[in-house]
Enquirer: 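Quick one: the structure is below, questions incoming.
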Amino acid sequence: MGTVTYRVADGTEQVIEVMDGSSVMEAAVQNGVPGIDADCWGACACATCHVYVDENWYDKVGKPESMEDAMLEMACERRPTSRLSCQIKMTEYLDGLVVEIPEQQGVEY
Ligand code: FES
């Protein structure tokens, strides 16, 4: 178990305890973090769980694999530290992780 800090576009933060093996997306949805819709519930098929990993954490989290990388092309405002939060599984190693929710995500048009 470890904590993950979710920074929301309005500047607020939610710090959530995440069980080892759970994804960063699952914890966000279960705790009502705004902007993480997770329409495909972790199947790496929607990009609605897109987050920016804090630069200080990106090397620990690692780069996306090819399928995730392709799906990130569909995400809004991709950055070098973009990841799909459903593909980040919590471990002790990631205790203290910080992610940011993209501003445009979850906005209804
Ligand atoms: Fe759909 Fe992550 S929940 S890609």
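Side chains included, hydrogens not; waters and symmetry mates left out as well; all remaining heavy atoms used. Note that ligands are numbered from 1 as they come in the structure, with each ligand's atoms numbered from 1 the same way. Please read these numbers as outputs of a predicted model, since none were measured by experiment. Residue numbers count from 1 along this sequence.
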Enquirer: Any side-chain heavy atom of Glu100 within less than 4.5 Å of one from Arg79?
Expert: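 When only atoms from C-beta onward are counted, Arg79 and Glu100 do touch, with a gap below 4.5 Å.
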Enquirer: One thing to verify: whether Lys60 and Asp95 come together as a salt bridge, which I'm taking to mean a side-chain N less than 4.0 angstrom from a carboxylate O.
Expert: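 Looking at Asp95 and Lys60, the cut-off is not met.
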Enquirer: Judged by atom type as modelled, is there a donor-acceptor pair below 3.5 Å linking the side chain of Glu26 to the main-chain atoms of Ser23?
Expert: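 At least one qualifying donor-acceptor pair exists.
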Enquirer: Is there any ring pair (Phe, Tyr, Trp, His ring centres under 6.0 Å) pair reaching into residues 35-90, and which pairs are they, with sequence neighbours excluded?
Expert: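 Checked against ring pair (Phe, Tyr, Trp, His ring centres under 6.0 Å) - neighbours excluded - the pairs reaching residues 35-90 are His50-Tyr52.
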Enquirer: Could you name all protein N, O or S atoms found under 2.8 Å from atom 2 (Fe) of ligand 1?
Expert: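 Those protein N, O or S atoms (cut-off: under 2.8 Å from atom 2 (Fe) of ligand 1) are Cys49 SG, Cys86 SG.
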Enquirer: Taking 4.0 angstrom as the limit, do Lys63 and Asp69 come out as a salt bridge?
Expert: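 Asp69 and Lys63: not salt-bridged.
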Enquirer: Between Asn31 and Ala27 (side chain of the first, backbone of the second, donor and acceptor by atom type, cut-off under 3.5 Å), is there such a pair?
Expert: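 Answer holds: yes.
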